[in-house]
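Residues: numbered from 1 along the sequence shown.
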Amino acid sequence: MKKVVLVTGANSGIGLALCERLLSQDAQLQLCLACRNMQRAEAARQALLVSHPQAQVTLLHLDVGNMRSVLRAAEEFKQKYNRLDHLYLNAGIMPNPRVDHKAFYKGLFSSNVVRMFATGEGLLTQEDKVTPNGLQEVFATNIFGHFLLVRELEPLLCQMDHNSLVIWTSSSNAQRSAFSLDDIQHQKGREPYSSSKYASDLLSLALNRHYNNRGLYSSVICPGLVMTNLTYGILPSFFWTIIMPIMWLIRIFTNTFTLSPNNGAEALFWLFMQKPESLDPMAKYHSLTSGLGNNYTQPHKMDIDENVSEALYVKLLELEDTVRKKLRDEDIDIKAKN
């Protein structure tokens, strides 16, 4: 049976690098690129077909930050496919990242410089906003939209004849200190990205607890420090021109500087080769690259609490009910006006 793989945020960066590696490994798989910008998605599809002309690559219009788009995309996917083996929840945003320059220059000349670059801990803040669905944009895009997608695709993910795997692209920036159960959308804080990534770690554990007996497994990965459009947007371009040679030098001493999307996709690709039931639900699988450029994957135990994980899951279920009701009410109002 041909495997079916769905990748969100697949038109560039780590997502596109993953798709290339998946097709190189298994040219028979059915690959679906779920993207917000269909023009870029088609360009990515054509690029993949150049190197894999016989590949089965389809597109799915999905804005994971828009809950109505998530529901429509899930319905369209269920009409096209009768199974789903791997669901890569890779799409994510870090809007308007700002650097605390005082903390940056202080860290630049300290023993903490490698960790500062690798995680951005205490260094990056973002400006969040509210979506038309009434949700915080980072939370909606990085967590809740993906959660709703998993819920909608349950019939394909939970099947008796095979196990499926949901894979979250998390981050080393997933810090417990940035997350609060009393503010899961991070309305009051300045680190919504870090909060959302920590929430994905918590949610992955909860999905395993609730779905393993139905054949659905969940894992999280950290791609390391990868140079993508998101990363380049943090600091002025001239700075990266100056600092990149230094970063390549630092990579000799630390394996977390993966730098290229291909290297960053290592753990995502490695998980594709594993049996879902063999994976550790408490581990985050890290993409690592040696100073000589050799890629490998290594599990690190996550700093998460099972009770907090369960509490977040319950809150997301409650929010799901609220959002679904709001969308139904909007549909009723539209029909009444027409």
Side-chain angles (χ1 to χ4, degrees), residues 1-10 29-34 58 60-92 133 135 139-170 184 196 199-221 268 271-272 274-277 279 281 306 309-328 331:
M1 183 69 70
K2 295 179 180 179
K3 287 186 176 182
V4 178
V5 178
L6 173 62
V7 182
T8 70
L29 67 81
Q30 300 181 65
L31 178 63
C32 181
L33 316 182
T58 61
L60 182 67
H61 186 209
L62 170 64
D63 179 355
V64 77
N66 182 313
M67 299 312 113
R68 194 176 293 278
S69 174
V70 172
L71 296 177
R72 288 172 180 167
E75 188 59 34
E76 180 181 340
F77 188 85
K78 286 186 287 188
Q79 291 175 4
K80 290 182 179 179
Y81 300 95
N82 59 12
R83 63 182 285 148
L84 179 55
D85 297 271
H86 289 79
L87 173 57
Y88 285 95
L89 304 177
N90 173 71
N133 299 128
L135 304 171
F139 167 81
T141 304
N142 294 1
I143 285 295
F144 188 67
H146 280 140
F147 172 72
L148 186 59
L149 184 63
V150 172
R151 295 276 292 164
E152 284 293 301
L153 295 179
E154 272 186 32
L156 306 187
L157 290 165
C158 301
Q159 297 188 351
M160 297 299 294
D161 61 339
H162 73 283
N163 290 334
S164 62
L165 183 60
V166 173
I167 304 116
W168 300 79
T169 298
S170 181
I184 62 172
S196 70
S200 70
D201 297 353
L202 292 168
L203 183 52
S204 180
L205 181 62
L207 290 178
N208 280 308
R209 187 164 47 248
H210 288 274
Y211 285 97
N212 280 179
N213 63 351
R214 298 173 59 189
L216 186 160
Y217 293 79
S218 179
S219 285
V220 291
I221 72 101
L268 293 168
L271 285 172
F272 178 76
Q274 311 307 309
K275 293 182 178 180
E277 62 273 18
L279 299 168
E306 290 195 30
S309 168
E310 182 63 20
L312 173 63
Y313 181 75
V314 171
K315 283 178 174 287
L316 291 178
L317 289 177
E318 293 171 350
L319 182 58
E320 178 188 347
D321 288 340
T322 300
V323 169
R324 287 183 185 275
K325 182 180 184 303
K326 181 179 180 180
L327 293 176
R328 286 195 300 267
D331 290 339

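With salt bridges taken as basic N to acidic carboxylate O contacts below 4.0 Å, none links Arg68 and Glu152.
Between the Ser69 side chain and the Gly65 main chain, no donor and acceptor come within less than 3.5 Å of each other. At distances below 3.5 Å, at least one donor-acceptor pair connects side-chain atoms of Thr8 with backbone N or O atoms of Ala91. Side chain of Asp85 to backbone of Val4: a donor-acceptor contact under 3.5 angstrom is found. Panel note: side chain Asp321, backbone Lys325; no donor-acceptor pair is recorded below 3.5 Å. Between the side chain of Gln159 and the backbone N or O of Pro155, at least one donor-acceptor pair lies under 3.5 Å. For Asn208 (side chain) and Ser218 (main-chain N/O), a donor-acceptor pair under 3.5 Å exists by modelled atom type. With hydrogens and angles disregarded, no donor-acceptor distance shorter than 3.5 Å links the side chain of Lys3 to the backbone of His86. Proximity of a side-chain donor or acceptor of Asn163 to a complementary backbone N or O of Pro276 within less than 3.5 Å is not detected.
Taking OG1 of Thr141 as the start and CG of Asn66 as the end, the distance is 9.5 Å to the nearest 0.5 Å. The distance from the CG atom of Asn212 to the CG atom of Leu216 is 7.5 Å, given to the nearest 0.5 Å. Going from atom CG of Leu156 over to atom CG of Leu6 covers 10.0 Å, rounded to the nearest 0.5 Å. The distance from the OG atom of Ser219 to the CG atom of Leu165 is 5.0 Å, given to the nearest 0.5 Å. Between atom CD of residue Gln274 and atom CD1 of residue Ile167 there is a gap of 10.5 Å, rounded to the nearest 0.5 Å. Here the straight-line distance linking atom CH2 of Trp168 with atom OH of Tyr88 works out to 15.0 Å at 0.5 Å rounding.
Put simply, the side chain of Val314 reaches to within 4.5 Å of the side chain of Glu310, judged on heavy atoms. A heavy-atom distance below 4.5 Å is not found between the side chains of Leu29 and Lys2. Using a 4.5 Å cut-off on side-chain heavy atoms (C-beta onward), Leu62 and Leu149 make contact. Side-chain contact between Ile143 and Ser196: present, with at least one pair of heavy atoms (C-beta onward) separated by less than 4.5 Å. Here the side chains of Leu153 and Tyr81 are not in contact, with every heavy-atom distance at 4.5 Å or above.
Nearest heavy-atom pair, Leu60 versus Ala73, reported as atom, atom and distance to 0.1 Å: CD1-O, 3.6 Å. Nearest heavy atoms, Pro281 versus Leu205: O-CD1, 4.0 Å. Scanning both residues, Phe77 and Arg83, for their nearest heavy atoms gives CE2-O, 4.4 Å. Of all heavy-atom pairs spanning Val70 and Gly145, the tightest one is CG1-O, 3.7 Å.
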May I have the step-by-step check of side-chain contact (heavy atoms from CB on, under 4.5 Å) for Asp201 and Leu203, ending in yes or no? CA-CA 5 Å; Asp201 297 353; Leu203 183 52; over 6 Å; no

Pair Gln30, Thr58 - check side-chain contact (heavy atoms from CB on, under 4.5 Å), show working. CA-CA 8 Å; Gln30 300 181 65; Thr58 61; over 6 Å; no

Test Arg324 against Leu71 for side-chain contact (heavy atoms from CB on, under 4.5 Å), laying out the working first. CA-CA 10 Å; Arg324 287 183 185 275; Leu71 296 177; 3.8 Å; yes

Test side-chain contact (heavy atoms from CB on, under 4.5 Å) on Arg214 and Met160; report intermediate values, then the result. CA-CA 7 Å; Arg214 298 173 59 189; Met160 297 299 294; over 6 Å; no

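Seen from the ring of Tyr217, Lys275 does not count as a face-on cation partner, given the 6.0 Å and 45° thresholds.
Applying the salt bridge (charged side-chain N to carboxylate O under 4.0 Å, His left out) criterion to Glu76, with sequence neighbours excluded, gives Lys80.
The aromatic rings of Tyr313 and His210 lie parallel to each other, with less than 30° between the two planes, well short of the 60° mark. Between Phe144 and Phe139, the angle of the ring planes stays under 30°, which puts this pair in the parallel group of the 30/60° scheme.
Residues Asn90 and Thr169 have side chains that bring a donor and an acceptor to within less than 3.5 angstrom of each other. Ser309 and Arg209 form a side-chain donor-acceptor contact under 3.5 Å, judged by distance and modelled atom types alone.
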